[in-house]
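Each chain gets a letter, A, B and so on, in the order the sequences are listed, and its residues count up from 1.
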There are 2 protein chains.
Amino acid sequence: MKTEDTRSDIMQAALDLIVEQGFHGAPVAEIAEKAGVAAGTIYRYFVSKDFLITELHRELEEKIVAVVQESYPSERPLRERFLYLIRELLRYFITNPLHFRYMEQYYNSPYGISLHRDRLLGKPGNQDILMDIFEQGIDQQVLKELPKAILFSLSFGSLISLMRDHILGFIVLDEALIKQTTEACWDAIKR
Amino acid sequence: MKTEDTRSDIMQAALDLIVEQGFHGAPVAEIAEKAGVAAGTIYRYFVSKDFLITELHRELEEKIVAVVQESYPSERPLRERFLYLIRELLRYFITNPLHFRYMEQYYNSPYGISLHRDRLLGKPGNQDILMDIFEQGIDQQVLKELPKAILFSLSFGSLISLMRDHILGFIVLDEALIKQTTEACWDAIKR
DNA sequence: GCAAAATGAGTGAATACTCATTCATGGGAG
DNA sequence: CTCCCATGAATGAGTATTCACTCATTTTGC
């Protein structure tokens with residue numbers, strides 16, 4: 001087996017187990033077993049379990065940002081760009097529910113708390129795109145005149161809650177509902 | 001010391017530690033030390049650490065429901081009742097940030113996941129009040145015609161996100177902002 | 001003086017991580 | 001083509017630590 005495969009086998013096993021049982025319900029030995037390697041092998045690829053956990057987060061985020069940025073219609077009107085963003089994010093997580101649940105768990109743990117500030121203040125990545133939308137929206141008097149962090153909560157807070165309910169099976173978001181709900185997110189921030 | 005005090009000392013210590021360090025960052029020994037009792041004493045009041053954790057959640061929820069239901073203007077118009085609910089919830093958690101962070105952590109863990117379904121489908125408690133509002137709102141064509149679970153996400157998802165940001169210090173919600181943002185929550189679900 | 005409450009050292013189970021050893025692979029010599 | 005060997009990947013039993021929980025003993029308060 002190529003070493004790259006081993007590495008991603010380990011990550012996949014960790015993702016599965018952690019999503020299902022939480023960080024402390026996923027001992028290294030079990031991750032190893034699920035990945036089909038010995039426990040020691042994990043330490044050839046990750047210096048510690050903590051590192052594995054943060055690395056998993058980092059790579060997932062990278063992938064998500066890439067997907068959402070791809071074919072982002074940067075020349076289209078504000079509303080359209082905004083709807084594009086949240087629709088693609090919804091679609092991504094609906095297709096990759098484990099990724100969503102992992103990210104949620106990560107942010108809601110000692111690991112993720114320090115990251116939150118960076119996100120809101122706009123690190124490189126899709127957050128910049130979003131902050132641009134908010135900024136222009138306020139300038140053009142299309143959006144409510146509220147701090148950007150609040151616009152973020154008003155729109156993405158809903159979205160995340162929706163995704164969770166869909167992924168946990170409490171609701172089913174079909175195409176029609178996705179359209180309606182993403183527009184409702186827009187309604188929350190439009191003037 | 002009266003035994004009731006001991007019990008609540010233990011709960012308070014657990015709350016503080018768990019909020020700060022997470023469930024597995026709060027060993028029984030440390031909770032005991034912070035509460036000013038010996039480790040063994042905890043087991044006179046709670047059969048296990050797990051029980052302490054779920055009990056803490058249960059009592060916090062009880063308290064929150066009581067506060068929000070108190071002086072709920074059940075005879076006033078829909079919009080007013082809705083705004084009352086979310087404003088009071090915001091106020092409660094702003095006053096008791098540790099309670100918010102504990103609840104968040106709890107729901108986002110193996111403990112809380114089973115509870116979520118009950119909430120959305122309307123257990124006794126403030127959720128019933130909320131579901132009534134949604135039901136009537138749809139009947140009276142005041143609210144968007146969407147599943148109640150979705151209306152919940154659209155309004156309370158934002159709210160929770162807002163609270164988190166305020167409590168973690170990323171934004172400051174003063175009275176004016178509370179008014180604006182709770183109204184924005186309404187905008188997300190109104191027709 | 002006794003019952004209830006509190007104690008905290010002790011126990012066993014779980015877990016992250018180590019490291020001496022084994023195994024697999026590919027390429028070069030014959 | 002075959003054999004051999006070097007290199008680095010993989011192994012998994014072992015270690016040190018941590019933690020929830022127990023219980024024989026002490027303290028408290030009535």
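For the pair B:E33 CD and D:dC19 C1', the computed distance is 15 Å after rounding to whole Å. In this structure, B:R44 places its CZ atom 5 Å from P of C:dA5, rounding to the nearest Å. Atom pair A:D9:CG and D:dA10:P shows a separation of 10 Å (rounding to whole Å applied). Whole-Å rounding puts the A:K49 NZ to C:dT15 P distance at 8 Å. Straight-line distance from the OH atom of A:Y43 to the P atom of C:dT21: 22 Å, rounded to whole Å. B:I42 places its CD1 atom 16 Å from the C1' atom of D:dC23, with the value rounded to the nearest Å. Taking atom NE2 on B:H24 and atom P on C:dA14, their separation rounds to 18 Å, with Å as the unit. One atom, CD of B:E30, and another, P of C:dG8, lie 17 Å apart when rounded to the nearest Å.
Considering only side-chain atoms of B:T6, the nucleotide from C:dA16, D:dA20, C:dA6 that sits closest is C:dA6. Each of C:dA16, D:dA20, D:dT11 was ranked by its minimum atom distance to the side chain of B:V28; first place goes to D:dA20. Closest contact between the side chain of B:Y45 and the listed nucleotides C:dT7, D:dG12, C:dA5 involves C:dA5. Side-chain proximity of A:S48 to D:dT11, C:dG8, C:dC17: nearest is C:dC17. For A:P27, the listed nucleotide lying nearest its side chain is C:dT15; candidates were C:dG8, C:dT15, D:dA20.
Side-chain contact, B:S48 with B:Y43: no donor N or O sits under 3.5 Å from an acceptor N or O. For the residue pair A:S71 / A:Y84, a side-chain donor-acceptor distance below 3.5 Å is found, with atom types taken as modelled. Side-chain contact annotation: A:Y107 with B:N108, donor-acceptor N/O pair under 3.5 Å absent.
Judged by closest nucleotide on DNA chain C, B:T41 is the one of A:A26 and B:T41 placed further toward the 5' end.
A salt bridge links A:R91 to A:E88: at least one charged side-chain nitrogen sits closer than 4.0 Å to a carboxylate oxygen. Electrostatic pairing of A:D187 and B:K190 does not count as a salt bridge here, judged by no charged N lying under 4.0 Å from a carboxylate O.
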